[in-house]
Amino acid sequence: MISRERGCSLVLSHSGPFTAFFPLLKQPLTGVNEEVVCKNHLILGQHLYKALEGRDLNLYGGEKLRVKVNKHFILMSDPSRLYTIIQSDLPAANGIIHIIDRPITNSLPNGPPRDERFADKTIGEILRKDGKFNRFLSLVDNCGSPPPLHGAGPLTVFVPTNEAVDQARDGSILYMLNDAKDKLQELLRHHVFSQAVLTVDELAALSHVRTMANQLVTISASDDGEILLGEKGVRLASTNIMASNGVIHMIDGLLYPPSILPILPHRCDVIKSKVTVGPCVHCSYLHETQCPEGSVEMESHQIGCEYANLPLGPTHNKGCAKYCNATKQVAECCKGFYGPDCKPCIGGFQHPCYDKGTCVDGIHGNGSCSCHSNFKGVACHICLDASKHGDNCDEECRCVHGVCDNRPGSGGVCRRGSCLEGFSGDYCDKKATPCNVDGLLAHCHIHAYCTHTGLDYK
């Protein structure tokens, strides 16, 4: 097993796997931060030398290395210094060891840093201190029953970046905010671990955590040595933002608990029934017959059916037959969803085609929009008449010397960059005309003229 070197005991206390670079030392290192130096000899994950060659990888302490051919590598922060792998691919119970010719000592000063600017504030208070938390904070404020981010803790909170929340463009966030707040509450609880304050070091030493949603978030390492969360491998964006009641780690995706999936009500399967008739026999033998496979016997039965009495000839006799009910589940998409996977229509399932057309939905649909009159485009997002705008595409565009932005919500301005030469402004209605003093130019409306009064132009 890779031993618990001083400074790395927490990380190396679990089963790994790790890739460790062990330097040849003639004498012990002195005057260095042992923890940082040790961490910059580790990569999360197990990598044989052949898998390292020609790649850039992240050392656990924060440095980035580039492995070259012939068993050489450099640090990206000091590319002039060459390191050599003397012996590679030594097996250990929890990883792989490579022997290198010298220690990596020009390490980052403090390893994964701690942001302690608001360490005296609770996590709930910190979320209101910086705009980078805005999207997540909005979900917390509007979920109805938020997790206890102002409580005593200890808490470890995984906060998605604003971009990560914005990328949930399938309508799931809006749907949860409006129609499924119980799912939103579960989603937010799945971003909170309430048993301990877990810094990056402590996260790396775990294989999973059980969140406040009582579900697991797995912890693994990427091929280049970064920590990944969940089945989809969500990466850490920034880490160790310390609070009085815990720590915040920002992540570049959302962690979806299995209990709320699928989020959108995309499948509306239907049960179809069909009544069939079993074999016709003499009524005294009816109890011996069976319904066809996949069907269930009904309470009533048919009387007067005909069956052939073959041993006595082709004569037909009156008999009885069981009624059998065959049911099957037929896959169907809910309204506003289409295709075999029941994807939401353009504009979202609640407002397909932005309410300007009809989505060809259903499991056999293709999601295309059939636009109402006055509209066109793949999402019915453009006015059919190039000179119109407005919600109903019935308002005249006010663009004068340019191309009308003929989208319903444009306000009737000109398309950006479409003004004819010499004109400017939202409506391409301003022209640079010579002022009567010093030949200066100023932008005026085409029905105005420029005069110079002191420092002002009219």
Side-chain angles (χ1 to χ4, degrees), residues 1-22 35-36 38-48 51-52 57-62 89-98 111-112 114 123 147 153-160 164 186-242 246-261:
M1 175 176 284
I2 297 172
S3 63
R4 301 183 185 184
E5 299 296 334
R6 293 174 64 183
C8 289
S9 59
L10 177 62
V11 178
L12 293 176
S13 63
H14 80 117
S15 57
F18 303 101
T19 299
F21 297 95
F22 280 8
E35 178 180 1
V36 176
C38 181
K39 289 178 181 176
N40 272 324
H41 287 75
L42 294 177
I43 300 174
L44 297 180
Q46 182 169 287
H47 302 277
L48 296 172
L52 295 174
L57 296 105
N58 297 290
L59 292 168
Y60 182 67
D89 302 342
L90 300 177
N94 60 341
I96 295 292
I97 297 172
H98 305 294
R114 292 191 177 206
I123 291 174
L155 301 174
T156 300
V157 181
F158 304 102
V159 177
E186 188 86 339
L187 175 73
L188 295 176
R189 287 194 293 269
H190 198 52
H191 287 75
V192 180
F193 176 67
S194 60
Q195 301 302 312
V197 177
L198 299 177
T199 63
V200 170
D201 287 351
E202 286 143 341
L203 279 177
L206 300 172
S207 60
H208 64 269
V209 294
R210 185 174 293 276
T211 68
M212 286 190 69
N214 198 30
Q215 294 172 78
L216 298 181
V217 172
T218 58
I219 302 170
S220 58
S222 67
D223 289 341
D224 57 0
E226 290 192 274
I227 294 176
L228 302 178
L229 300 178
E231 299 300 322
K232 293 189 175 181
V234 176
R235 293 177 182 259
L236 300 177
S238 60
T239 60
N240 293 348
I241 303 171
M242 307 309 295
V247 64
I248 297 171
H249 302 297
M250 297 202 71
I251 56 178
D252 66 0
L254 274 71
L255 304 172
Y256 292 98
S259 59
I260 70 171
L261 299 176

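The figures here come from the full heavy-atom set of this structure, side chains too, leaving out hydrogens, waters and symmetry mates. In this chain, residues are counted from 1 in sequence order.
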Side-chain contact, heavy-atom cut-off 4.5 Å: [X] with [Y]?
X      : Y      : value
Val234 : Asp252 : yes
Thr218 : Glu231 : yes
Ser194 : Leu155 : yes
Val200 : Tyr60  : yes
Gln215 : Glu186 : yes

Determine the minimum heavy-atom distance between [X] and [Y], stating which atoms define it.
X      : Y      : answer
Leu255 : Pro257 : O-CD, 3.5 Å
Gly253 : Pro160 : O-CB, 3.7 Å
Ile251 : Ala164 : O-CB, 4.3 Å
Gly95  : Pro17  : CA-CB, 4.5 Å

Rounded to the nearest 0.5 Å, how far apart are [atom1] of [X] and [atom2] of [Y]?
X      : Y      : atom1 : atom2 : result
Ser222 : Asn58  : OG    : CG    : 7.0 Å
Leu52  : Leu57  : CG    : CG    : 6.0 Å
His208 : Leu229 : NE2   : CG    : 13.5 Å
Phe21  : Leu42  : CZ    : CG    : 9.5 Å
Gln46  : Asp89  : CD    : CG    : 9.5 Å
Leu59  : Ile43  : CG    : CD1   : 5.5 Å

Phe158 and His191: aromatic ring centres closer than 6.0 Å?
no

Is there a donor-acceptor pair under 3.5 Å between the side chain of [X] and the backbone N or O of [Y]?
X      : Y      : value
Thr19  : His47  : yes
Thr239 : Thr199 : no
His249 : Val159 : no

Check step by step if side chain to side chain contact (heavy atoms under 4.5 Å, CB included) holds for Val217 and His190.
CA-CA 8 Å; Val217 172; His190 198 52; 3.4 Å; yes

Of Leu198, Leu44, Ile227, Leu228, the residue whose pairing with Ile219 passes side chain to side chain contact (heavy atoms under 4.5 Å, CB included)
Ile227

